[in-house]
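Per chain, numbering begins at 1; letters A, B, ... match sequence-line order.
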Amino acid sequence: MNIFVAKLSYNTSEDQVRSAFESFGQVDSVKIITDKFDGRSKGYGFVEMPNDAEGLAAIEDLNDSEMDGRQIVVKKARPREDNNRRGGGGGGGGYNRRY
DNA sequence: AGTGAGCGC
């Protein structure tokens, strides 16, 4: 389960997000996105959880919750550009496409 | 730099 976390405090680190999600289930990895030029946090990141059920539970609970004194946004992450994946859409998922 | 919509290498 790929999870997208946004509106993080610029002081928030991966370990803080890791700990928060570990409270709801096993966390595979956490990635905070930082600017490539300045190297400063962009204020959002990604969390990977091996258990989809725990991931959904974490999203429902951690979304719009408080972390490091700031409200955060937690959603399902969009799949990265995958032009190697067979078409046919099958399967699982169901991400809400804007537009 | 000192902010806050948004999707990573």
Side-chain angles (χ1 to χ4, degrees):
Chain A
M1 167 63 79
N2 302 357
I3 303 173
F4 172 70
V5 185
K7 290 195 176 180
L8 290 167
S9 172
Y10 299 116
N11 294 331
T12 305
S13 64
E14 295 179 356
D15 290 338
Q16 297 180 38
V17 180
R18 175 70 174 255
S19 298
F21 279 81
E22 280 181 343
S23 298
F24 296 89
Q26 186 178 10
V27 176
D28 194 28
S29 66
V30 179
K31 179 68 175 181
I32 298 295
I33 308 306
T34 51
D35 187 79
K36 294 182 294 186
F37 305 100
D38 294 338
R40 290 173 175 79
S41 177
K42 288 185 178 178
Y44 68 92
F46 293 87
V47 179
E48 296 182 14
M49 297 185 72
N51 191 327
D52 290 352
E54 293 177 350
L56 290 173
I59 292 174
E60 293 298 326
D61 260 54
L62 292 176
N63 183 35
D64 197 49
S65 67
E66 179 179 317
M67 181 176 295
D68 199 51
R70 217 64 180 178
Q71 296 301 98
I72 65 174
V73 177
V74 183
K75 308 179 189 178
K76 290 185 291 183
R78 293 181 183 178
R80 297 167 77 197
E81 298 296 327
D82 188 358
N83 53 359
N84 198 10
R85 180 64 60 89
R86 296 296 185 280
Y95 291 91
N96 289 338
R97 292 295 183 92
R98 299 180 188 167
Y99 312 107

Just confirming the chi classification of B:dG6, syn or anti, using 90° around 0 as the syn window.
syn
Here the distance between atom P of B:dG8 and atom CG of A:Asn2, to the nearest Å, is 12 Å
Using the salt bridge (charged side-chain N to carboxylate O under 4.0 Å, His left out) criterion, which residues pair with A:Arg18? Sequence neighbours excluded.
A:Glu22
Could you check which residues of residues 46-68 of chain A get a heavy atom under 4.0 Å from DNA chain B? Sort them by number, please.
A:Phe46, A:Glu48
For the residue pair A:Phe24 and A:Asp61, establish whether any side-chain heavy-atom pair is separated by less than 4.5 Å.
yes
Using whole Å, what does the distance between atom C1' of nucleotide B:dG8 and atom OH of A:Tyr44 come to?
6 Å
Of B:dG4, B:dG8, B:dG6, the nucleotide closest to the side chain of A:Phe4 is B:dG6
Just how far is it from atom NZ of A:Lys31 to atom CD of A:Glu14, taken to the nearest 0.5 Å?
6.0 Å
To the closest 0.5 Å, what do you measure between CZ (A:Arg70) and CG (A:Leu8)?
12.0 Å
Rounded at 0.5 Å granularity, tell me how far CG in A:Leu56 sits from CE in A:Met1.
3.5 Å
When all nucleic acid strands are considered with a 4.0 Å heavy-atom cut-off, which category describes A:Leu8: base, sugar-phosphate, or nothing?
base
Could I get the full list of side-chain hydrogen bond (donor to acceptor under 3.5 Å, both in side chains) partners for A:Ser65, not counting sequence neighbours?
none
Min side-chain heavy-atom separation A:Asn63-A:Val73 under 4.5 Å:
yes
I want to confirm an ordering. Mapping A:Ile3 and A:Asn11 to their closest nucleotides on DNA chain B, which one lands closer to the 5' end?
A:Asn11
Roughly how far, to the nearest 0.5 Å, is CD1 of A:Ile3 from CD1 of A:Ile59?
4.5 Å
To the nearest 0.5 Å, tell me how far A:Thr34 OG1 sits from A:Tyr10 OH.
13.0 Å
Contact list please: residues 13-32 of chain A against DNA chain B, heavy atoms, distance less than 4.0 Å, in numerical order.
A:Lys31
Linked, directly or transitively: A:Tyr44 and A:Ile32 (ILVMFWY side chains, under 4.5 Å):
no
Does A:Phe46 have any ring pair (Phe, Tyr, Trp, His ring centres under 6.0 Å) partners at least two apart in sequence or in another chain, and if so, which?
A:Phe4
Contacts to DNA chain B from residues 33-42 of chain A, heavy-atom cutoff under 4.0 Å, which residues?
A:Ile33, A:Arg40, A:Lys42
